[in-house]
Amino acid sequence: MHSYPTVRASLIFVAVAVVGLLFADIAITASNPWRDLGNFFLGVVTPNFFSSEGLLTALLRTVAFAFVGVALGSFFGFLLALVYRLLPVRIFCAFIRAIHELFWALIFLQFFGFHPLTGVLAIAIPYSGIFAKVYSEILEEADPEPRRLLPPGTGMVAAFLYTRIPDCWEQLRTYTAYRLECGLRSSAILGFVGLPTLGFYLEASFSQGFYSDAGAMLILFYVLIATIPLWVRPKLLPVYILAAPFFLGEGLPIVWGNVERFFTEDIIPAPLRSGEGLAGMVPWLGDLMVNEALPGIWNTVLLTQIALVATGILALLAFPLISNHFGGPVRRTSGHVFLVIARSTPEYILAYILLQLWGPSMLPAVVALALHNGGIIGHLIGRQTNTLRLRPDAPTGFNRYTWELVPRVYRSFLAFLFYRWEIIMRETAILGILGIYTLGFYVDSAIQNIRFDRAMVLILITALLNIGVDALGRYIRRKLALQTMPTC
């Protein structure tokens, strides 16, 4: 069994994660974590839906930022998908999607301030790169036969609209709807950097110990996600998209002088601004790399690898919860509820909650990343097992799980896991804003100290690291002949 390439690859990743645990800061440092955890769950089961006058406004703005950001991202992503075969376009799209939405928000906050444009662009820019990649893959898989049946002289645009788009429409529509759910999660966490979305009020409630208020916000967010099929209807989409900009709020006015100063002074490396020239760049870069970049890279990679394996373990344990081959409808319904909550809660919010309850360490980040990503993969694999037919004499119970189902879905499981690898690293980097010593910690520290030049270099390093992991994941999927499937 160990000779199988998929098994060998799995064991290598598990071994790396186990070694990583020896160097990781995995601990619970809170004085009474179980009491705090109990108070939090008590708040969830006793939600206070009338705690804040701004709660409804926060929900509306969370939806508005998501709609505007996703609409712009899908529009420009579609345009980029048409020329995605060009290498410069692929590089550009890989770069913009490698930078997390919160990093984009932190950048735009420096010159747009708390203006709605900050939140809209923070979602639209990385989503444009994501949409471009996925849309191009969908369009490439279109059936070429209808194009050959067109009469001679048919224009390229007409041929595209009448042959490729109809063939791919259902996939394009389904993925865009799925990305809207991701956009709602992205919009919610923008509140943690001060924008008036749900995360802003959630952070305020937690910091004051108002767990019932926080529980109400989480429940409303879950309801919002779970009911998307009910309120996001094709006929209503134009109304939502046209109305959404009016619910973004006004924010503070943009000071265009700050925009000019940011690009002409703030992000210029300090040695160049002070006239030291290129000679001063070597010690400046050396100090940045030794004291910030390398520790940030080490902790980011370390946490990513541990979280990746934890995600895989949780996904393998979770998919039977919704599989028709185990248990009855009551257990499967409970499993669906658990997985919906796990995959609907953004990693950032989960990590923030666990950090408040357990104290600062890598443990809350590992658990948050594993719960969210494991919930997504477990849901997808569980649905896949429901399409499998077992022979009449198939084993039952644990033997059915280990010898019948896991071997049949393991390649799909690895494909999903390696696809999530780059996404887990993006999230790992941004969790540094919460105080974990990943790259995001040093980016946030540089911005707090008004050292934007250092922050931009660290963000660039983060993007390159994500691009590298994405390329490595694609290489491993090709090497193991794993089918790739896009997920959020």
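These figures come from a predicted structure and were not determined experimentally. One is the number of the first residue; the rest follow in order along the sequence.
Note that CG of Leu350 is 11.5 Å distant from CD1 of Ile189, once rounded to the nearest 0.5 Å. To the nearest 0.5 angstrom, Leu308 atom CG is 4.5 Å from Leu417 atom CG. With rounding to the nearest 0.5 angstrom, the OG1 atom of Thr462 is 11.0 Å from the CD1 atom of Ile467. The distance from atom CZ of Arg426 to atom CG of Leu439, rounded to the nearest 0.5 Å, is 14.0 Å. Here Ile26 contributes atom CD1 and Leu303 contributes atom CG; the two are 7.5 Å apart, rounded to the nearest 0.5 Å. From Leu180, atom CG reaches atom CZ of Arg185 across 10.5 Å, with rounding to the nearest 0.5 Å.
Contact detail for Phe221 and Pro346: the closest heavy-atom pair is CE2-CD, 3.8 Å. Closest approach of Ala98 to Ala463, counting heavy atoms only: CB-O, 3.6 Å. Scanning all heavy atoms of the two residues, the minimum distance from Ala318 to Leu339 falls at CB-CD2, 3.9 Å. When all heavy atoms of Ala17 and Ile306 are compared, the closest pair comes out as O-CG1, 3.9 Å. A pairwise comparison of heavy atoms in Ala214 and Ser205 identifies N-CB, 4.0 Å as the closest pair. Ala81 and Ala132 get closest at one heavy-atom pair: CB-O, 3.6 Å.
In this structure, Glu181 contributes its side chain and Ala177 its backbone to no donor-acceptor pair below 3.5 Å. Panel note: side chain Ser361, backbone Ile28; no donor-acceptor pair is recorded below 3.5 Å. A distance-only check finds a donor-acceptor pair linking the side chain of Asn373 to the backbone of Leu369 [under 3.5 Å]. Although no hydrogens or angles enter the test, the distance criterion places a donor-acceptor pair under 3.5 Å between the side chain of Arg400 and the main chain of His325. In this structure, Arg233 contributes its side chain and Leu230 its backbone to a donor-acceptor pair below 3.5 Å. A donor-acceptor contact shorter than 3.5 Å is absent between the side chain of Thr345 and the backbone of Ala342. In this structure a side-chain-to-backbone donor-acceptor pair under 3.5 Å is present from Trp104 to Ile99. A donor-acceptor pair under 3.5 Å links the side-chain atoms of Ser187 to the main chain of Thr62, judged by distance alone. In terms of modelled atom types and a separation under 3.5 Å, the side chain of Ser212 and the main chain of Thr46 share a donor-acceptor contact. When atom types are taken as modelled, the side chain of Asn386 and the backbone of Asn324 share a donor-acceptor pair closer than 3.5 angstrom.
Ring orientation note: the planes of Phe78 and Tyr135 are nearly perpendicular, at an angle over 60° on the 30°/60° scale.
The ring pair (Phe, Tyr, Trp, His ring centres under 6.0 Å) with Phe319 is formed by just one residue from the set Tyr401, Phe338, Tyr410, Phe416; it is Tyr401.
Aromatic ring centroids of Phe13 and Phe418 lie under 6.0 Å apart. Between Phe206 and Phe40, the ring centre distance stays below 6.0 Å. The six-membered or imidazole ring of Phe108 lies near that of Phe111, with a centre-to-centre distance under 6.0 Å.
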*asked:* Please evaluate residues Tyr222 and Ile341 with respect to the criterion side-chain contact (heavy atoms from CB on, under 4.5 Å), reporting the C-alpha separation (whole Å), side-chain torsions for both, the decisive distance (0.1 Å), and the verdict.
replied: CA-CA 7 Å; Tyr222 296 143; Ile341 292 174; 3.6 Å; yes
*Hey, mind stepping through Trp421 and Ile476 against side-chain contact (heavy atoms from CB on, under 4.5 Å) and telling me if it holds?*
CA-CA 11 Å; Trp421 193 7; Ile476 293 174; 3.8 Å; yes
*Please walk me through it: do Phe131 and Tyr84 pass ring pair (Phe, Tyr, Trp, His ring centres under 6.0 Å)?*
CA-CA 11 Å; Phe131 274 121; Tyr84 196 77; over 10 Å; no
*Stepwise side-chain contact (heavy atoms from CB on, under 4.5 Å) test for Met362 and Leu302*: CA-CA 10 Å; Met362 287 187 178; Leu302 185 68; 4.2 Å; yes
*Yes or no on side-chain contact (heavy atoms from CB on, under 4.5 Å) for Tyr442 and Tyr437, after CA distance, side-chain angles and deciding distance?*
CA-CA 7 Å; Tyr442 297 99; Tyr437 292 114; 4.3 Å; yes
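Under the 4.5 Å side-chain criterion, counting only non-hydrogen atoms from C-beta, Trp231 is in contact with Val63. A heavy-atom distance below 4.5 Å is not found between the side chains of Ile349 and Leu198. By the 4.5 Å heavy-atom criterion applied to side chains, Pro196 and Thr57 are not counted as neighbours. Annotation: side chain of Ile433 is in contact with side chain of Leu106 (closest heavy-atom distance under 4.5 Å). With a 4.5 Å cut-off on side-chain heavy atoms, Thr385 and Ile322 do not count as touching. Leu109 is not listed as a side-chain neighbour of Ile447, based on a closest heavy-atom distance of 4.5 Å or more. No side-chain heavy atom of Cys93 sits less than 4.5 Å from a side-chain heavy atom of Lys133. At least one side-chain heavy atom of Leu202 sits under 4.5 Å from a side-chain heavy atom of Phe192.
Other residues, nucleotides and ligands contribute over 12 non-hydrogen atoms within 6.0 Å of the CD atom of Gln208. By the neighbour-count criterion of 12 heavy atoms within 6.0 Å, atom CZ of Phe200 is sparsely surrounded, having that number or fewer from other residues, nucleotides or ligands.
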